[in-house]
Peer 1: 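Below: one structure in structure tokens.
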Amino acid sequence: MDILRFITAGNVDDGKSTLIGRLLYDTKQIFADQLEAIESSGRLNEDGQVDLSLLTDGLKAEREQGITIDVAYKYFSTEKRKFIIADAPGHIQYTRNMVTGASNSNLSIILVDARKGVQEQTRRHSIISSLLGIPHLVICINKMDLVGYEEQVYNQIVEDYKQFAKKLRAKEITFIPVSALKGDNIVEGSELTMPWYKGPSLLEHLEQVPVSQDFNLEDARFPVQYVIRPLTAEHHDYRGYAGKVISGTYKAGDKVTVQPSGQTSTIKSVELGGQVLEEAFAPMSVVLQLEDDVDISRGDMIVKAAENLEVAQEFEAEVCWMHNKALKPGAKLLLRHNSTETRCVVRNIDYKIDINTLDHLEDVDQIQLNDICRVQIKAASPLLLDKYADNRANGGFILVDETSFATVGAGMVAEIEY
Amino acid sequence: MTKRYLDYLDQLEAEAIHIMREVAGQFEKPALLFSGGKDSITLVRLAEKAFRPGKFPFPLVHIDTGHNFPEAIRYRDELAERLGEKLIVRNVEDTIKRKSLSEPKGRYASRNALQTHTLLETIEEFGFDACIGGARRDEEKARAKERIFSVRDEFGQWDPKRQRPELWNIYNGRVHKGENVRVFPISNWTELDVWNYIKREEIELPNIYYTHERECLVRDGKLMAWSDFIFQEPDDVVVKKQVRFRTVGDMTCTAAVESIAHDIDGVIAEILESKISERGATRIDDKLSETAMEDRKKGGYF
């Protein structure tokens, strides 16, 4: 049994909350008290059934306005998988929330209203999912019950979407015709209503999407978080480098380089909780011991010597701005990348990305809240970076305001200048 | 190519260890809030995995209401002793005396709310800048929206609107002096995940988590452990029941459930079952209170 983390983004009326409610309800994850609370609220849908959307909107303001404001995390599991849902709002004014939810997701569910077809928000959600490097997209063509379960309607939307999707980076796109309200193709199939559809139901698809391959096991990256030095009689000279294998694999005997210093050594052992392991691979948290006494502290990265990696201070990135105060060229910020923190300056804004079309808008002099821009950044100290497209685990960073310490931006490395 | 596959409990464990080490790396004076409950016991095991063969880079801190189960207190002391880790205990009783706080009175009297005063005092006394806790997002709807690194102001308050976006596995623990961060390493775990982890790790729990015979008061359909601390009314009936505790906190606000589970497998089976069978038992109360609240709101509106 493994874990699938997925995001659902949606606007009012597109049936997102009903869809999540249906997944939770039909997999019997709803506790009695939650269901009772809804039943007693007296809100029923047009079929006289419990309004499943009420299961998901947590904050009082959200229930009252019928919208989702912040990312909410929800959990359910089947015999095959544990699922973590990042339930994010879909409106353009909440782009930063969707970006946040998308950053940790391996799959994105995008809802299309069968009556309306591919809309601006369909494109926006697809583009954000693609910019954040989500490998699997599932396009749920919802409300099929309202178009008479017509195959032609479905086919036309699939065609339209494929046309648009040519510019997306997603590895895999799957289409499923559903009715969240009636439960068609959500957990159960739709042999009666849509005999022409031969594919899996949404849940079947979620259970079988191959996610273990989404971990990058090629590029070995181990950011050191903390140095373990017991200084006891028993472990007098013990030095263990505690961290998480964010990508790649490590085992005893591997030749390694410590960046940014460039010192080299060999792995003596891989451990966890004092137990020796044969090998560590992403996303395991372990301790590495090295053969040589090298100077390593938090923020350093242990990589494989054979990869011949270099550190860099200047790079280009796509940045989603998350703060009310606009970002202007020349701004100095704190940059946090894995366990490193350094100061940086945003030197130039190359262009803004229109998140409804992916078009580039030139001559931009500042980045507003929820904008995504391509910028040039110079860091105060050298970093070991990967392009986000090559290694999602080592290509993302956050920008922090130097005085308020608020997280003001999320960045994805696009080009590195060595 | 060899298949490299990490089980879901291993993935959750790796994430929690990473978070704990971020606390160790980012803060000067962290602490682990230890209640003696299963979630904080799980945190202690995760800390062992994160920092052995070294010592924990934080003390265990327990805010004792004075109304805790003696079994949990005994477990706490033995655990700290066995691990050789520092345990700090601060008593709500002392805060009440020093600050002349009023003790809650009446039928639902509990010192649970007063704990906050003692916690904030303790944070101030030691200058803690991060407190690790065992809260989970599946517990409650508002919790489902809280961050793993949750920034609190100098009054310890959470402001949902001021939350920092939390992306990838990058945690921003920068705070001003006087502010602190609550950190929840098992945010993404469910109740069942915790039990499955306890089973896998063969973690010993206080025996009140398993079935035992106990004298209980029946209050609003819930079984409360009978003790000197609980408010008693003349017509209260004390019954002997086979029970276990699903959560372990202050005796005055922790209800027991009837159970025959004498080991972890039994508890897990009961939790899985409870989604169906507990409906019948809990439904009536929930309905009453939910409708009552809904009615009051409507009444005020119209």
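A quick note: this is a predicted structure, and the numbers were derived from the prediction, not measured.
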Peer 1: Please report the interatomic distance CZ(A:R392) to CH2(B:W168), rounded to the nearest 0.5 Å.
Peer 2: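 The CH2 atom of B:W168 is 8.5 Å from CZ of A:R392, to the nearest 0.5 Å.
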Peer 1: For A:Y238, which atoms come within 4.5 Å of any heavy atom of chain B: side chain, backbone, both, or neither?
Peer 2: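 The answer is the side chain of A:Y238.
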Peer 1: Do you know which of B:S187, B:G173, B:A50, B:P53 has the most heavy-atom pairs under 4.5 Å to chain A?
Peer 2: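 Highest number of heavy-atom pairs under 4.5 Å: B:P53.
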Peer 1: Of the listed residues (B:E146, B:R52, B:R137, B:K49), which shares the most heavy-atom pairs with chain A below a 4.5 Å separation?
Peer 2: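 Result: the option with the highest number of such pairs is B:R137.
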Peer 1: Below 4.5 Å from any heavy atom of chain B, which atoms of A:L231 appear? Answer side chain, backbone, both or neither.
Peer 2: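 Contact with chain B is absent: no heavy atom of A:L231 under 4.5 Å.
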Peer 1: For B:A256, enumerate each residue passing the side-chain contact (heavy atoms from CB on, under 4.5 Å) test, keeping only those at least two apart in sequence or located in another chain.
Peer 2: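 Checked B:A256 against side-chain contact (heavy atoms from CB on, under 4.5 Å); matches are B:L223, B:V243, B:F245.
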Peer 1: If you take all heavy atoms of A:I228 and B:G54, which pair is closest and at what distance?
Peer 2: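 Looking at all heavy atoms of both residues, the closest pair is CG2-N, 3.6 Å.
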Peer 1: What distance separates A:M1 CE from B:N196 CG, expressed to the nearest 0.5 Å?
Peer 2: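 If we round to the nearest 0.5 Å, A:M1:CE and B:N196:CG are 7.5 Å apart.
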Peer 1: With only heavy atoms counted, which part of A:Q275 is less than 4.5 Å from chain B, the side chain, the backbone, both or neither?
Peer 2: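 Answer is neither: A:Q275 stays 4.5 Å or more from chain B.
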Peer 1: Please indicate whether B:R200 has more than 12 foreign heavy atoms, meaning atoms of other residues, nucleotides or ligands, lying under 6.0 Å from its CZ.
Peer 2: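 Yes.
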Peer 1: Counting heavy-atom pairs closer than 4.5 Å to chain B, which one of A:V408, A:L132, A:L272, A:I246 comes out on top?
Peer 2: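 Most pairs with chain B among the choices: A:L272.
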Peer 1: Does a side-chain heavy-atom distance below 4.5 Å link B:Y8 with A:S77?
Peer 2: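 A side-chain contact under 4.5 Å is absent here.
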Peer 1: So what's closer than 4.5 Å to chain B heavy atoms on A:I3: side chain, backbone, both or neither?
Peer 2: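 A:I3 touches chain B through backbone and side-chain heavy atoms alike.
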Peer 1: Flag the one option from A:R96, A:E341, A:R229 with the top tally of heavy-atom pairs under 4.5 Å to chain B.
Peer 2: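 Heavy-atom pair counts peak at A:E341.
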Peer 1: Only pairs of heavy atoms separated by less than 4.5 Å count here; which of B:E166, B:E48, B:E22 has the most with chain A?
Peer 2: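 If we count pairs closer than 4.5 Å to chain A, B:E22 comes out on top.
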Peer 1: Which atoms of B:D7 are under 4.5 Å from chain A, going by heavy atoms: the side chain, the backbone, both sets, or neither?
Peer 2: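 The answer is both parts of B:D7.
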Peer 1: Does any heavy atom of chain B fall under 4.5 Å from the side chain of A:R239, the backbone, both, or neither of them?
Peer 2: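 Neither part, no heavy atoms under 4.5 Å.
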Peer 1: What part of B:A47 gets closer than 4.5 Å to chain A, counting heavy atoms only: side chain, backbone, both or neither?
Peer 2: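 B:A47 has no heavy atom closer than 4.5 Å to chain A.
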Peer 1: B:V151 versus chain A, heavy atoms under 4.5 Å apart: side chain, backbone, both or neither?
Peer 2: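 Answer is neither: B:V151 stays 4.5 Å or more from chain A.
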Peer 1: At a 4.5 Å cut-off on heavy atoms, which part of A:M284 comes close to chain B: side chain, backbone, both, or neither?
Peer 2: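 The answer is both parts of A:M284.
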Peer 1: What's the spacing between A:T407 OG1 and B:L167 CG if we round to 0.5 Å?
Peer 2: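 It is 8.0 Å, given to the nearest 0.5 Å.
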Peer 1: Please determine if A:E402 and B:R174 form a salt bridge, counting it only when a charged side-chain N lies under 4.0 Å from a carboxylate O.
Peer 2: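 Answer for the salt bridge query: no.
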Peer 1: Would A:R298 and B:Q26 count as a side-chain contact (heavy atoms from CB on, under 4.5 Å) if you check the C-alpha gap in whole Å, the side-chain angles of each, and the deciding distance to 0.1 Å?
Peer 2: CA-CA 9 Å; A:R298 176 177 166 83; B:Q26 290 193 36; 3.4 Å; yes
Peer 1: Can you tell me how far the NZ atom of B:K145 sits from the CG atom of A:D87, to the nearest 0.5 Å?
Peer 2: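 One finds 7.0 Å between NZ of B:K145 and CG of A:D87.
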Peer 1: Heavy-atom cut-off 4.5 Å, strictly under: side chain, backbone, both or neither for A:A406 against chain B?
Peer 2: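 Contact with chain B: backbone only.
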Peer 1: Looking at OH of A:Y73 and CZ of B:R147, how far apart are the two atoms once the value is rounded to the nearest 0.5 Å?
Peer 2: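 A:Y73 OH to B:R147 CZ: 6.5 Å, rounded to 0.5 Å.
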Peer 1: Only pairs under 3.5 Å count here: list side-chain donor-acceptor contacts from residues 394-401 of chain A, not counting sequence neighbours, and write none if there are none.
Peer 2:
{"residue": "A:N394", "atom": "OD1", "partner": "A:H337", "partner atom": "NE2", "Å": "3.1"}
{"residue": "A:N394", "atom": "OD1", "partner": "A:N338", "partner atom": "ND2", "Å": "2.8"}
{"residue": "A:N394", "atom": "ND2", "partner": "A:L384", "partner atom": "O", "Å": "3.1"}
{"residue": "A:N394", "atom": "ND2", "partner": "A:D386", "partner atom": "OD2", "Å": "2.9"}
{"residue": "A:D401", "atom": "OD1", "partner": "A:T403", "partner atom": "N", "Å": "2.9"}
{"residue": "A:D401", "atom": "OD1", "partner": "A:T403", "partner atom": "OG1", "Å": "2.9"}
{"residue": "A:D401", "atom": "OD1", "partner": "A:S404", "partner atom": "N", "Å": "2.9"}
{"residue": "A:D401", "atom": "OD1", "partner": "A:S404", "partner atom": "OG", "Å": "3.4"}

Peer 1: Once ring-ring contact (aromatic ring centres under 6.0 Å, His included) is applied, do any residues pair with B:F58, and if so which ones, sequence neighbours excluded?
Peer 2: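 Only B:F51, B:F56 meet the ring-ring contact (aromatic ring centres under 6.0 Å, His included) criterion with B:F58.
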Peer 1: Checking side-chain hydrogen bond (donor to acceptor under 3.5 Å, both in side chains) against A:Y75, which of B:D138, B:T190, B:N188, B:D193 comes through?
Peer 2: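 Checked B:D138, B:T190, B:N188, B:D193 against A:Y75; only one passes side-chain hydrogen bond (donor to acceptor under 3.5 Å, both in side chains): B:N188.
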Peer 1: Which residue out of A:G240, A:G243, A:A102 racks up the most heavy-atom pairs below 4.5 Å with chain B?
Peer 2: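 With the most close heavy-atom pairs to chain B, the winner is A:G243.
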Peer 1: Report, by ascending residue number, the residues of residues 11-21 of chain B in heavy-atom contact with chain A at a distance under 4.5 Å; give 'none' if the set is empty.
Peer 2: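 Within residues 11-21 of chain B, the residues that come under 4.5 Å of chain A (heavy atoms only) are B:Q11, B:L12, B:E13, B:A14, B:E15, B:I17, B:H18, B:R21.
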Peer 1: So how far is it from A:D2 CG to B:L9 CG, rounded to the nearest 0.5 Å?
Peer 2: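 Between atom CG of A:D2 and atom CG of B:L9 there are 12.0 Å.
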Peer 1: Looking at A:F405, is its backbone amide N or carbonyl O close enough to the side chain of B:N172 to form a donor-acceptor pair, meaning the two atoms are under 3.5 Å apart?
Peer 2: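 Checking the backbone N and O of A:F405 against the side chain of B:N172, a donor-acceptor pair under 3.5 Å is found.
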